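So the structure is just underneath, and the comments pick up after that.
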Amino acid sequence: MSQVAHIDEALVLWLNGFVGRSAALDALMEALVSDYLVPVLSSLVLLGLWFSGSSDAERYRNQLVTLTGGIAVGFSNALVTISNLLTFRDRPFVDLDINLYFYAPTDSSFPANPASVGFAIATVVWIRHRRLGAALYVLASLWGLARVYAGVHYPTDIVGGAILGVIAASLATGLVGRLAFIPRHVFKAFRAVYIA
Amino acid sequence: MLSAFLIDYIVWVFVSALCVIQFAAARSGLWGILYARRWPRATMGVSVLVILVAILWYFMTGERNQPDTGLGLDANIQAFWFAMSGAAAVGATLAVTSLINHRWGNNHGWDCQSGEVPPTGMTWFSRTTFFHAIRARVAHSRRSASTASERVGAG
């Protein structure tokens with residue numbers, strides 16, 4: 001366990017050591033690490049899927065992905081909240097001597113909420129659209145990497161968050177699958193007024 | 001009162017959502033909700049370009065890494081305003097493209113006098129606009145209602 005913590009700290013220190021070395025890399029990481037870029041891009045993908053499809057049947061399946069993605073984000077936030085009630089881990093910038101390249105969050109470092117949300121949406125999309133889902137996995141991973149680079153998360157926080165995200169996506173997919181008659185009826189009403 | 005930070009976020013999401021809808025509609029053949037119906041490929045290219053420019057604009061015009069205890073937005077507020085901006089983009093797209101494509105959308109292939117139910121779902125946007133589709137649905141509902149009342153009167 002202590003060896004994992006040691007590797008965790010070493011990785012944060014190594015990645016964070018790049019802060020300030022390249023203005024271009026810093027600018028890229030400043031956008032990637034933010035609370036807005038990846039969630040907005042991932043949500044835009046879900047919005048785009050709502051309109052995508054060459055037939056009503058295909059569009060319906062895509063709209064189910066949009067719905068499932070929204071539910072998965074809710075589940076991932078709930079899982080992170082429950083986890084935060086059970087454990088608290090200080091942020092790397094509290095424990096280590098690093099260049100904090102972000103504001104100083106006060107909540108638990110483990111599990112990383114951004115990774116949880118990013119991987120939840122990516123997993124839901126990946127189940128139906130492999131390439132688009134893979135692109136979202138890359139985006140979510142870069143978000144996690146940027147968080148470690150900025151000194152606000154340990155790598156294991158990102159891994160923990162990603163696992164919770166995948167679990168949340170699986171739960172949401174299972175729920176929508178079991179209660180498929182609800183979206184079927186709701187979407188039928190939406191189709192009657194041409195918003196689905 | 002909306003903060004400048006929040007207004008920037010709303011504008012960014014609204015513009016990006018407009019472009020995402022255009023991209024998806026052009027790719028899916030929903031010509032009736034395109035601003036430039038005759039140029040679907042150009043629509044897709046311009047949409048991607050505007051999304052990228054909007055990202056650059058958002059991150060280069062201010063300090064965006066703010067705590068949600070300060071100027072930043074917490075997850076719930078962010079989700080709420082994303083939904084509002086996205087819905088506004090959908091509404092604007094349906095309304096404006098209905099006006100732009102009004103004449104083209106008249107030839108939607110559904111005859112009100114036929115008594116048939118008009119097509120449902122967005123797939124009909126490959127032949128018509130949102131306003132025409134809604135008008136067809138309302139016309140059919142009125143016709144069905146009057147036919148039903150005539151039957152009751154005759155009975």
Side-chain angles (χ1 to χ4, degrees), chain A residues 27-60 62-63 66 70 73-74 76-77 80-81 100-107 113-114 116-117 146-147 150 152 187-196, chain B residues 9 12-13 16-17 19-30 32-33 47 51 54-56 58-60 63-70 72-76 78-79 82-83 85-86 89-91 93-94 118-126 128-134 136-137 141:
Chain A
L28 177 68
M29 288 300 184
E30 193 174 334
L32 269 175
V33 77
S34 90
D35 294 326
Y36 309 104
L37 181 64
V38 178
V40 165
L41 289 181
S42 302
S43 303
L44 286 173
V45 167
L46 294 180
L47 176 68
L49 283 173
W50 186 270
F51 291 86
S52 296
S54 52
S55 64
D56 275 339
E58 190 184 348
R59 190 168 298 108
Y60 173 71
N62 286 334
Q63 287 167 350
T66 304
V73 169
S76 77
N77 281 328
V80 169
T81 304
L100 179 61
Y101 196 58
F102 197 61
Y103 63 81
T106 52
D107 55 342
N113 201 8
S116 175
V117 169
R147 292 269 165 163
V152 286
F187 288 5
K188 193 177 173 186
F190 284 176
R191 274 200 296 280
V193 290
Y194 304 99
I195 53 171
Chain B
Y9 177 80
W12 174 40
V13 171
S16 302
C19 293
V20 163
I21 294 166
Q22 288 300 294
F23 184 92
R27 206 162 174 263
S28 306
L30 305 178
I33 57 169
S47 297
I51 289 169
I55 290 170
L56 288 176
Y58 184 74
F59 285 100
M60 293 178 87
E63 173 54 52
R64 302 305 179 189
N65 291 334
Q66 305 270 2
D68 56 23
T69 50
L73 312 174
D74 77 22
N76 294 330
Q78 195 187 152
F82 183 93
S85 305
V90 171
T93 298
L94 296 178
T120 57
M122 284 182 184
T123 304
W124 204 20
F125 291 155
S126 62
T128 193
T129 65
F130 177 71
F131 283 173
H132 278 302
I134 288 290
R137 169 106 354 223
S141 300

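Computed from a prediction, not measured in an experiment: that's the story for all the values here. Just the heavy atoms: all of them, side chains too, but no hydrogens, waters or symmetry mates, feed the values below. Chain letters run A, B, ... following the sequence lines, proteins first, then strands; residues in each count from 1.
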Residue part contacting chain B, namely of [X], when any heavy atom lies under 4.5 Å:
| X | answer |
| --- | --- |
| A:Phe102 | side chain |
| A:Leu49 | neither |
| A:Ser55 | backbone |

According to the side-chain hydrogen bond (donor to acceptor under 3.5 Å, both in side chains) rule, which pairs have a member within residues 19-29 of chain B, sequence neighbours left out?
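Qualifying pairs, neighbours excluded: none.
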Non-hydrogen atoms of chain A under 4.5 Å away: do they reach the side chain of [X], the backbone, both or neither?
| X | answer |
| --- | --- |
| B:Ile134 | both |
| B:Ile33 | side chain |
| B:Phe23 | neither |

Counting heavy-atom pairs closer than 4.5 Å to chain B, which one of [options] comes out on top?
| options | result |
| --- | --- |
| A:Thr106, A:Val73, A:Leu44 | A:Leu44 |
| A:Ser54, A:Gly48, A:Ala31 | A:Ala31 |
| A:Tyr103, A:Phe190, A:Trp50 | A:Tyr103 |

Expected output: side-chain [X] to main-chain [Y] donor-acceptor under 3.5 Å:
| X | Y | result |
| --- | --- | --- |
| B:Thr120 | A:Arg191 | no |
| B:Gln78 | A:Pro39 | no |
| A:Tyr36 | B:Phe59 | no |
| B:Asn65 | A:Glu30 | yes |

Would you mind reporting whether A:Val40 and B:Val13 have side-chain heavy atoms less than 4.5 Å apart?
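Sidechains of A:Val40 and B:Val13: in contact.
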Counting heavy-atom pairs under 4.5 Å with chain A, which one of B:Ala133, B:Gly86, B:Gly70, B:Ala24 comes out on top?
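The answer is B:Ala133.
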Most chain A-contacting option - heavy-atom pairs closer than 4.5 Å, from B:Ala17, B:Gly72, B:Ala25, B:Ala89
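The candidate making the most pairs under 4.5 Å is B:Ala17.
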